[in-house]
Amino acid sequence: MTITTLPPTPLHHGHRVLMKGNEAMAEAAIRAGCDAYFGYPITPQAELLEWMARRMPEEGRPFIQAESELGAINMALGAAATGARVLVSSSSPGISLMAEAMSYMAGAEIPMVLVNVMRGGPGLGGIGPGQADYFQATKGHGHGDYRVPVLAPSSIGEAMALMADAFELAEKYRTPVFILADGTLGQAMEPVELTFREPPRLGADWAVTGAGGRPPRVVKSMHLAPEDLELHNRHLQAKFAEITAREVRWAGENLDGAELVIVAYGTAARVARTAISRAREDALQVGLFRPISLWPFPSAALAEVAARARGVLVVEMSAGQMVEDVRLAIEGRQPVAFEGRTGGMVPTPGEVLDALRRLRGATGADDAASAKETRA
Amino acid sequence: MTITTLPPTPLHHGHRVLMKGNEAMAEAAIRAGCDAYFGYPITPQAELLEWMARRMPEEGRPFIQAESELGAINMALGAAATGARVLVSSSSPGISLMAEAMSYMAGAEIPMVLVNVMRGGPGLGGIGPGQADYFQATKGHGHGDYRVPVLAPSSIGEAMALMADAFELAEKYRTPVFILADGTLGQAMEPVELTFREPPRLGADWAVTGAGGRPPRVVKSMHLAPEDLELHNRHLQAKFAEITAREVRWAGENLDGAELVIVAYGTAARVARTAISRAREDALQVGLFRPISLWPFPSAALAEVAARARGVLVVEMSAGQMVEDVRLAIEGRQPVAFEGRTGGMVPTPGEVLDALRRLRGATGADDAASAKETRA
Amino acid sequence: MERSVIFAGFGGQGLLFAGQVLARAAMDSDREVLWIPTYGPEMRGGTAACTVIVGDVPIGSPVVDAAWAAVVLNPPSLAKFAPLVAPGGTLVVNATLIEAGSGRDDLDELRVPCTRLAREAGDDRLVSVAALGALVGRTGIVGPDAITAALRAILGRKHPEALEADLAVFEGGLAFGRAVLATATP
Amino acid sequence: MERSVIFAGFGGQGLLFAGQVLARAAMDSDREVLWIPTYGPEMRGGTAACTVIVGDVPIGSPVVDAAWAAVVLNPPSLAKFAPLVAPGGTLVVNATLIEAGSGRDDLDELRVPCTRLAREAGDDRLVSVAALGALVGRTGIVGPDAITAALRAILGRKHPEALEADLAVFEGGLAFGRAVLATATP
Amino acid sequence: MTTETPKGARVIFERPELLADRSTHYCPGCGHGVVHRLIAEVLGDLGLGARTIAVAPVGCAVFAYDYIGVDFVEAPHGRAPAVATGIRRVRPDAFVLTYQGDGDLAAIGTAEIIHAAGRGELLTAVFVNNGIYGMTGGQMAPTTLLGQRSTSSPGGREAAFHGYPIPMTEMLAIMPGVAYAARGSVVDAAAIGRTKQYLRRACEIQLEGRGFAIVEVISNCPVGWGMTPTESIERLRDVVAKEYRPGVIVDRTREA
Amino acid sequence: MTTETPKGARVIFERPELLADRSTHYCPGCGHGVVHRLIAEVLGDLGLGARTIAVAPVGCAVFAYDYIGVDFVEAPHGRAPAVATGIRRVRPDAFVLTYQGDGDLAAIGTAEIIHAAGRGELLTAVFVNNGIYGMTGGQMAPTTLLGQRSTSSPGGREAAFHGYPIPMTEMLAIMPGVAYAARGSVVDAAAIGRTKQYLRRACEIQLEGRGFAIVEVISNCPVGWGMTPTESIERLRDVVAKEYRPGVIVDRTREA
Amino acid sequence: MIAVAEGSLALPGAELPAPAGPAPETWIPLHIATDRCKACALCIGACAHGALALDETCVNALGYHPIRLVDPAACTSCALCARVCPDCVLTVFAAPKATRGAAR
Amino acid sequence: MIAVAEGSLALPGAELPAPAGPAPETWIPLHIATDRCKACALCIGACAHGALALDETCVNALGYHPIRLVDPAACTSCALCARVCPDCVLTVFAAPKATRGAAR
Ligand SMILES: Cc1ncc(C[n+]2csc(CCOP(=O)(O)OP(=O)(O)O)c2C)c(N)n1
Ligand SMILES: Cc1ncc(C[n+]2csc(CCOP(=O)(O)OP(=O)(O)O)c2C)c(N)n1
Ligand code: SF4
Ligand code: SF4
Ligand code: SF4
Ligand code: SF4
Ligand code: SF4
Ligand code: SF4
Ligand SMILES: [Mg+2]
Ligand SMILES: [Mg+2]
């Protein structure tokens, strides 16, 4: 069901146009200097691939619809190993097939940006929007000790801006970076100000380019001797610590004097925003804490914000995944409640409002309990 | 480097023999009534596949060395969809390739047992023992909202016993089950009492067997309408809640009067045990809390045990993964410290002892801080 | 204040297009807007729908508890979406294909022979444009000129040949919507 | 009390086998035991090693901070493992291939011409069995009869042809280990 | 709705029993509907409905289980041959059939089909090649012809940039494990009749235990091709069938 | 250790410059060593060392990057052709070479090699077929011969149970994107010489921009085969080479 | 609320109205599952006798103008239409002896 | 501590001792990187003149009895041995005019 952004390219910097999320992300990547795109069709991200299929050749840059997600992610591994700026996109089932290669890239420290336009799972599930790949993106996708930065836009404009940031992060820290969007963001159209940004090229003194005039380089993740592999892991952990210290991103709204705080990202955060404005009508002061970097998770900031509120409501389009990171940040000091829909359903503002009312009604103790229930 | 258990089969019930972990797990599966095995070679689990290659034909049961881990896990999906008792085994990188199919099986509620003989990562990493796939097994392997029971043996004998339990759990709850072992357990030999158990057959009234005499059945994970998929997710979540309520497993040692508690599983728990006995020598009372089901995690039991101690030390052969579940269980009520080695290295009893001494020395506050550091 | 409109009907009736025209018109009228389809796998003959939310501040929730208006172009859509319109909201019904009514007396319900108007203009796909005209004429959610401008902007480049018919059908729908308004006044 | 022995040398020297024989002997002597190889990809010529831990209660840690004894059959193994032996521990050195000593004066260090003994018995692989004999003769970690029984149990079924040579080499190593003990006495 | 025969009249053609009496989700004119009917007819003719376990692909035909009245397993995208292998090995007496599209079989599922065929698994594989990714919106498939436009080859497929179409069935046919490989089409009633014969033979071969059997059916995707159903059938006949020539590609059960 | 030429003497044979002067981790007699040397010789002869980006497999040859002195990327198991495709597309002026074993290329990597070949990627693929999974301990490979014992086919490979050996290079050769496909061996100095010629041609074809080129080299795995190196070479000559016949399989650059 | 009475076209529900042309009692060689027809027109092309056409006068439950046997007399019951129909809309009967003559 | 003095075999380090047979100053057509030899014996089979053999008298750093040119005079510098050696242990030289005669 391809509806193409109107008007078609060229899209002039500074203009305000109505763009489809998938297509806006694709164009933003091109303008951010994406040297190559590799992908495989899957709903609800197909338009991102299709946009690239038309635009990359126009720009004289490689585009390949690979034989599979395995093919796409490994083409990306090879291209990125040469220092190229590479984008890959897919949706939930396809992302699962990329677990091994993501672990390889994290291990070999290969920068690359991977967009997951999440849909409802598990399995083939459905094609409606979802946020149930949070655990996968932030924790256990591939094997081994590694983390990758995960950026979660909640508007099409933000998705475009984060695309450039994602490439910058990837190259600065030599790591794959996830952009975690969902079907709603991918399929919706919004007016966006076209403000493109191409991050500076840092120069990859590690990349394979042909050994001419220098000793050969190897881009690899294997370190057969456990002693060596542990050293490498220490290096990676130090890098993750640095990212955690420096690259936390989040946005707050109405947090001053907020009685309750909603923690939500992406599309769920938009629903929360509407619920919050309605809550004001019945004199309930609610703030929004919106993590933008899901890893590193803004734990310290959240702990501080939550300390000033009576309770926290986590809203997700899942059965409750980010809620674990929220609880790790708050460590029982405030009650944490959860409201979520699954399988392609999006919570409505009304449902969130009800959850806020319940949370206000409940005592801290009750809430803590109900929060636990949500994890049962 | 195939060293085969001596003496070779037949292995009589009741006998005490010296067996290699990989081979013991394979034989235990056969005796538990495993109807089919599908695998792909990878160190350090190759001997499990090789044992099956010899024994399954002896038993007149199917064995296939698939073209890949994707092939193996999907053959398992098909065989298990008919109600057969199916085993698959691999090691870290191969397990990553099974993420999509595991999500499908969780979604379609197909019982199956998957053994991960963990090695050092990330990427190709190394072949030494590791425990860095904890997040993957317990949280984010595949896409979508699902969990699968994860059983972690810490001796070869226990691995054999858990094999039968795993099949039983899988069929009782119609879910894939992980057995999370590591290279040490797979490669080591220990004397084991051969006590085999074949769980009863429950009869699969959902399985595809040919529709003769009844309406056709479909084993699937797709529910295109979000409303339907959400209903299915509610059903799955209810099942996960039931498993969490009923199937928590853990073992405790010297917990009474323990000043400090070590939380560790698998091989790390064995190292902890030795460290604990040494600690007694310098009058340090330390207990061992050993989760056997990593999901469902024994949160309530741990919270209770920890409440009686001054501090908790988590020991893992990783950069710290289970430590998150420990902190979720304890929610800041006691200091949580972490000691781990990575990349195929195994912590020594001496290192663990030092960590215990540091934890005793430190004040609760310091420890909480240091615990945080370990997550940085 | 946010105004949400659901467009629903057969896949072939051009709903997504009409929704985009409205969204484009809203944007060009300096309003904030969000267009979101209920996307699905390639199935013709099924019921398709999209929602357009127009507001003064950036749109928050892409889902609405109740719609400000709905345009239903086939019987299944009436059944599914009429109940989702907020009390006092507007319901545009394609009278050509739908005999039944919503049965709600708290709606401003318009029966518009959209398919006929469209077919008469020679293109079934324009059925949604006719309905859009009626909606605009009835509610003034955006100015008619904004719609015609949007149609020119969108079709002008890609399908100039189609433009005239679209404009004609829109005008027809618009007049229809306004006429209804007139009869309603006294 | 736990006793750990490291066997290390060239891949072809039969270390894993010798370790298994010791493990089997320990088990049959109603001890608890754990055998663990340092497993690696197929590389010949590299250094291979295994550890055997014998105790009275089920073995805890598969790794040891310091070994109770080590059997090193080639120069790299001496360099790598001699430092890991606990003070007062035993070090069996294959004098045929290793000229250097450990340089430690807190060890009971035996120089045994293992390769020669083995080669004389016609099979390089038995070099480890000779060393095992010396270890057992020197330390009595298990009874000699347990070892010969284990050799019979293991080889009897799979390689009866090899059994006699193994037994002979073991006896040779055993005598050597005991002899050393004797010379040590006065 | 069931149809009762007017008195005295003879039934020349009617819906096969194994085909559900309901509207499908397929687009107007889509060949999947014809292939579904042929499978239902053949399974019915051979009396296999009761012992068939079929494997559905990920593609427009994922819903085959809603239309063909036999047990079904839904395979992950491209893995149907592996899933079917698992079924085959534990259910020796089942009749196992796979149904795949060209993206499913010739792209992501390449390894699985080749190795199932290489093992000579006793499977009957139905491969509906419409030269496009229908379900996801008309992207290029490995079988898309040179010059053909798709939503991911908007300027038409170019060998140098997109690569050549892959002759999947011909590649499979060279493996000794493949007992039978044929290519049919849905261009007209006669071709549909021949396709049915191929399918029937591919089923008999499994029953005879002769090896792996595959029938490729070149089909249309009016929506993905951006044509009317009639135009798409003309293209199938005049263009596609010239590249992917229908006929029996290999029959090792006939070889000496 | 470097070797200086005795005064007055002419060098008949010496280690090629691009081959590291160090001991390899390969088992005694392993054919990987010979293939490594040939690659180093050919890249040297063609002066490609400076612009070559090679892709290492997962297999015993994963360490190729320790021995052949060019830039290397380590691919996940079986994915070398995809990795190389990515390199190829962003580095048009690089010389891109892949090195894979039979488990890597013909099992888990089946889809990647077929589609890289189908796209006609400008790659030179070296496929070392030793009919076994060497690195993991001698398990059966797709190329293992019928009757051959391995740690995962202890009774010998049986067609009915394990399937047939897969003629991978022959399958690849039928695709139009494949400009050149040949099979060499390491049975003796003469065969090694021919193999070098094949490798050289496969490299030239990439330089000429003619398409995808692959050289399969049937090789030995004494350890995996449970033989002495000498016995393994005899088996390679007397048994393996009879099934996988050396020679040029297709050369589309010679065709009219 | 306002109900605007508009002379809207007569609409069938899921049921196709009795076909025009031959009166009900005459012999009809085709049974048409009108509600499942998607108007792809492939059957029209398959019919050598031009006996079929889409019925522009109505729209079925799927939103299409369904197929109609416009010239029953021309129909030879060859079933080519039914064999090419992707939606198995058509059931074909051979005329009973009596009527067959009559149809000619 | 006890040091048991045992007459252990003489051992080369990474360096192969000067080969026996021909005296050092005589011409040697092969250079052997002894430390890299894995004693696979493939070169022995390749040599038509039986000029090569494994040296059982010593063990190299890898633990093998390395190859040795036992009959330099028989060597024709054909390099077949070197071409089959998987470890590139052998470098082959053609004798300078003078010595060549002498070697005969
Ligand atoms: C792992 C994965 N990747 C991608 C998809 C999206 N997807 C669904 S169907 C399909 C391909 C359909 O093409 P084809 O197999 O030719 O079937 P058709 O619809 O044309 O009949 C794809 C790529 C998916 N569901 N899972
Ligand atoms: C995903 C994954 N599966 C399995 C392995 C284990 N593995 C390492 S090498 C190898 C195959 C080696 O065989 P081949 O490709 O023939 O190379 P050879 O060692 O024989 O040269 C396997 C299965 C792995 N590293 N990664
Ligand atoms: S998209 Fe193509 S293949 Fe899919 S149903 Fe429509 S016509 Fe058929
Ligand atoms: S295992 Fe086989 S392939 Fe690997 S190095 Fe040894 S001989 Fe070579
Ligand atoms: S072929 Fe079938 S679906 Fe198409 S028009 Fe004819 S009857 Fe209708
Ligand atoms: S049965 Fe034959 S003659 Fe009659 S309508 Fe169908 S195609 Fe035409
Ligand atoms: S060069 Fe030729 S003659 Fe000399 S040793 Fe080598 S093979 Fe023998
Ligand atoms: S071939 Fe090479 S490695 Fe083998 S014995 Fe001869 S010199 Fe040594
Ligand atoms: Mg298709
Ligand atoms: Mg191999």
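Throughout, a chain's letter reflects where its sequence line sits, starting with A, and its residues are numbered from 1.
Separating the CZ atom in Phe13(F) from the SG atom in Cys85(H) is a distance of 8.0 Å, to the nearest 0.5 Å. Arg22(F) CZ to Arg36(H) CZ: the interatomic distance, rounded to the nearest 0.5 Å, is 10.5 Å. Taken to the nearest 0.5 Å, the CG atom of Leu62(H) stands 9.0 Å off from the OG1 atom of Thr24(F). Between the CG atom of Leu42(H) and the SG atom of Cys30(F) there is a distance of 10.5 Å, given to the nearest 0.5 Å.
The interface of residues 184-196 of chain F with chain H, defined by heavy-atom distances below 4.5 Å, comprises Asp188(F), Ala189(F), Ile192(F).
Without hydrogens or angle criteria, Arg37(F) side chain to Arg83(H) main chain gives a donor-acceptor distance under 3.5 Å.
Other residues, nucleotides and ligands contribute only 12 or fewer heavy atoms inside 6.0 Å of the CD atom of Glu17(F).
Applying the salt bridge (Lys or Arg N to Asp or Glu O under 4.0 Å) rule to Arg51(F) yields no partners; only residues at least two apart in sequence or on another chain are considered.
Looking at Leu30(H), neither its backbone nor its side chain comes within 4.5 Å of chain F, counting heavy atoms on both sides. For Ala82(H), the parts lying under 4.5 angstrom from a heavy atom of chain F are both the backbone and the side chain. When heavy atoms are compared at a cutoff of 4.5 Å, Leu38(F) does not approach chain H at all.
Between Pro28(F) and Tyr64(H) the shortest side-chain heavy-atom distance falls below 4.5 Å. Using a 4.5 Å cut-off on side-chain heavy atoms (C-beta onward), Glu14(F) and His31(H) make no contact.
In plain terms, the two heavy atoms of Pro229(F) and Cys40(H) that are nearest each other are CB-O, 3.6 Å.
Side chains of Asp87(H) and Ser23(F): no donor on one and acceptor on the other come within 3.5 Å.
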